[in-house]
2 protein chains.
Amino acid sequence: MPNISDVARRAGVSTATVSRFLRGQHVRAADAIRQAVEDLAYRPAAAARSLRSGIHYAIAVVVPDVTNPFFAGLVKGIESVCRSGPYNVFLVNTDESVDLEDSVVADIMHRVDGIILAPATEQDKTPARIKQAGIPVVFADRELPGERFDSVLVDNAGGARAAAVYLAGLGHTRIATISGPLNTTPGRERHEGFVTGAEDLGIALPDEYIQIADFREAGGYQAMLRLLALPEPPTAVFCANNLMTVGALKALYSMRVRVPQDLSIVGFDDLDLASLLWPPLTVIDRPTVEQGVLAARLLLARLAGHGSPEPQRVVLSTRLIERASCTAPPAGRAGQGR
Amino acid sequence: MPNISDVARRAGVSTATVSRFLRGQHVRAADAIRQAVEDLAYRPAAAARSLRSGIHYAIAVVVPDVTNPFFAGLVKGIESVCRSGPYNVFLVNTDESVDLEDSVVADIMHRVDGIILAPATEQDKTPARIKQAGIPVVFADRELPGERFDSVLVDNAGGARAAAVYLAGLGHTRIATISGPLNTTPGRERHEGFVTGAEDLGIALPDEYIQIADFREAGGYQAMLRLLALPEPPTAVFCANNLMTVGALKALYSMRVRVPQDLSIVGFDDLDLASLLWPPLTVIDRPTVEQGVLAARLLLARLAGHGSPEPQRVVLSTRLIERASCTAPPAGRAGQGR
DNA sequence: GTGAAAGCGCTAACAT
DNA sequence: ATGTTAGCGCTTTCAC
C-alpha cells in the first residue's frame, strides 16, 4: 500500500503539497500529483488522517433493529442526503439491547464525526457517553427525558389517539391495545395517546385489555393470543408498531379469527404489503424516509457548524390510512362491554 | 478526552503497561490501571490504535439494499456470530449501484479488517480493489466469475428449476418468468435454472414471456403489467426475488387478476408475511440467517488465520414452500399455449 | 504556493 | 513483568 510520501516522490513535490492537493486546495503540480495518485492507486489511510486531524469523514446510524421496515426507510432517507457529502454512513444494529447499544456506541464514538441514534430505551446512559465525547448526535424516533438534543420525532400520541377515535367511531367499546415498552418514547406516547384518547370518548380500557409487549413480532403474537383467551375478548385492537401487528395477525390467522368480522385491527406504521394482506390493513402511517432526511440534515448542519445553538426538535405528523381491517363490532357483541 | 499517558500517570506505570493491560495481558498494577481507566472514563482512540497496529477491530458488510428482507436476515446472522468477538460490524448500503459500491468500498477498505460483500453485479471492479488492499473478503449471495474467493451461496438454479417443475406438474404450459439482472449471480442462475428447467420438460418460453427486471419492487410491477398486456398472457409466473414478487402481486391486485384462479405465481425468497397474504404465497425459500452465520464464520476464520489456504465455496440448498398461490391453469386456457 | 518538521495516540521492539 | 523509544501516515504550523 503506497503512502503519501510515495506519491510526493513520484510527483516531485513534498508531502505537504500532496496533502493540500487532496484537500482540494490549488497547487501548481496538480496534474503531476493526480497522475501519481492514479499510477499508484493511492488512497489516504483513514486512520492516519483521523488521528492527525480529528475528522473521520463518517457518521454512524445506530438503530435497534435493521429488520424493522421502519428503520430501513429511515436509513434510506439518511443515505440519500449523505450520498452527496463527504461522509460515509455506517449502520449499526443494537438488537433492542441497552447493553449492546452502550458498548457499541462507546466503540464507534471514536470512529465517526456524528451519530444518528434511535435509542433502545429512555433509561439510556448512551447519550451521556456521546456528550462526553463531544460529537453531535441527533435522536431519531426516540427521545430522552430531561436532556435536550436535536431530534426528529413523530406525533405518536396524536396518531394513537386518532386510532382510538376511529375505532370508537365505528361503534367499538371493547377496545384493547398491544403497546410497546413504556420506557421507550414511541412505546409510552402511543400507549398514552391511545388510552387517553379512548378515555376522552368515555371508554375505559380494563387492565386485561392492556397488553404491554416488546415491539417484536413474537411479542405481538403472544399478546394477541392472551387477548383472545379472555372470557370477553375485545372487538377491536390497536397494535403499537408494524412488527407486533404482523405477530397479531398471525395469531388471529392461527386461531381462525376473521378480520374484520370478528375483530377489527389498526396498526401503527404502514407495512409495504399492507394493501395486499387479507383484509388490507388499516394503519397509522408516518413519513419514514422523510424522518431520515430531516435527521441527516440536522446532523450535517451541526457538523458544518451551521446549526443553531439550541437543539432543534422536529415532530412529523401521522395520518390514518383506511383500508379494510376495521368495521363495526359484531352484532351480538356491540356495546356489551359497557 | 484523556489519552493513554493520562491513565499511565494516574496509575503510576508506563504507557506500555497500560497498553498491555488493555490487550488482556497480565500486569501487576492491574487494579490501579482499571481504576484509572474508570476514573478518567478512558477509551483508546481507535484511529491511533489502527494506525500503529494495522488492526481496526471492525468488519464491514456491504449489501445492495438494506430494505430487502433477505439482506436483513443475512445481517442478523452475521451479527449473531460477531457479537461475541472483538469485531464491530458496520453495515454499508450500495443501493444496487456499482459506482457507489466501488467508491464506498475504496473508502472503507482502510477502516476495517475484513469485508462481507454482496456485490452489485458480476462485472465488478470492487474485488480487485479489495484484493489489492490485501484484506479478506467473503462473498455472500453473489459471486464473481473467474476469481475464486470465499463465498456462501444458495442453489439458485436448483431452486428456480424446482419452481418450473412444480408449475409444469400443475399442468401449466404458458409459463413466464420475471427475472433479475442477468449480470448478477442470482439473476443469471435463477433465470437459467427456470428456463432450462422448463425446457427439459418440453416447455419453451417465448421471448415475450421472459421479462428481465431489476430485483426491485417497481421492476416487478412493470414486468407483470407487460405480461398481462400480452394478447395471450401466461397462466403461471415465476418471480426471481421477493421484492419483484411484491411488485407483481401489486400489479395483479390493481388489474383485478385473481390468484391463483386466473394466474399462478411462485416467488423466489420467502416473505415474512407470505402466509398472511391472500392467497398465501408459494415460494422457494432459503436459509438467510444461516447464510449470514456461515459467511461470518468464514471471515472470522480468515481473520484468525485459521482458514484453509484455498477459497471455500459453500452452497446452501433451497426448498419449495407450498402455500396457495398456485393451481392448475384455468380450464378454457390450459394447453392453449402449445 | 511550497517545504521542513513536529506530533496526533498508540503499539511493538528492545532492553532490562 | 516493565519501561524506553521509535514510528505508523497523515496534517498543520511555521518560515520562506
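In what follows, every chain begins at residue 1, and chains take the letters A, B, ... in the order their sequences are listed.
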Rounding to an integer number of Å, can you tell me how far [X] [atom1] sits from [N] [atom2]?
X       : N       : atom1 : atom2 : result
Q25(B)  : dT2(D)  : CD    : P     : 10 Å
L22(B)  : dA12(C) : CG    : P     : 12 Å
N3(B)   : dC8(C)  : CG    : C1'   : 10 Å
M109(A) : dG9(C)  : CE    : P     : 15 Å
I33(B)  : dC10(C) : CD1   : P     : 14 Å
D6(B)   : dG9(C)  : CG    : C1'   : 11 Å
I4(B)   : dA12(C) : CD1   : C1'   : 12 Å
R49(B)  : dC8(C)  : CZ    : P     : 19 Å

Are any of [X]'s side-chain N or O atoms less than 4.0 Å away from OP1 or OP2 of [N]?
X      : N       : answer
R23(B) : dA12(C) : yes
Y57(A) : dC10(D) : no
S53(A) : dT11(D) : no
S19(A) : dT11(D) : yes
R28(B) : dA1(D)  : no

* Name the residue closer to the 5' end of DNA chain D, choosing between V13(B) and A48(A) according to the nucleotide with the nearest heavy atom. =>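 Checking each residue's closest nucleotide, the 5'-ward one belongs to V13(B).
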* Could you check T15(A) against T15(B) and say which one's nearest nucleotide on DNA chain D is further toward the 5' end? =>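 With T15(A) and T15(B) compared, the 5'-side residue is T15(B).
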* Pair Q35(A)-D39(A), side-chain donor/acceptor within less than 3.5 Å ->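 Result is yes, a qualifying pair exists.
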* Asked: Can a donor-acceptor pair be found between the side chains of N93(A) and E79(B) at a distance below 3.5 Å?
  -> yes
Using the side-chain heavy atoms of [X], tell me which of these nucleotides is nearest: [options].
X      : options                  : answer
L51(A) : dT11(D), dG3(C), dG9(D)  : dG9(D)
T17(A) : dG9(C), dG3(C), dT11(C)  : dG3(C)
R52(B) : dT2(C), dC10(C), dG3(D)  : dC10(C)
P44(B) : dC10(D), dG3(D), dC10(C) : dC10(C)

* Most 5' of A29(A) and R20(B) on DNA chain C, judged by nearest nucleotide ->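 By nearest-heavy-atom nucleotide position, the 5'-most residue is A29(A).
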* Would you mind classifying the nucleic acid contact of Y42(B) as base, sugar-phosphate or nothing, using non-hydrogen atoms under 4.0 angstrom? => sugar-phosphate
* Tell me what A16(B) touches on the nucleic acid: a base, only sugar-phosphate, or nothing, going by heavy atoms under 4.0 Å. =>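 Contact class for A16(B): base.
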* **K131(A) to F149(A) six-membered ring, cation-pi geometry met (6.0 Å, 45°)** =>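 Ring-cation test returns yes.
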* Okay, side chain of D113(B), backbone of H56(B): is any donor-acceptor separation there less than 3.5 Å? -> yes
* Asked: Which atom names give the shortest non-hydrogen contact between R302(A) and P311(A), and what distance separates them?
  -> NH2-CA, 3.7 Å
* **Atom pair CG (D150(B)) and CG (L299(B)), whose distance is rounded to the nearest 0.5 Å** => 8.5 Å
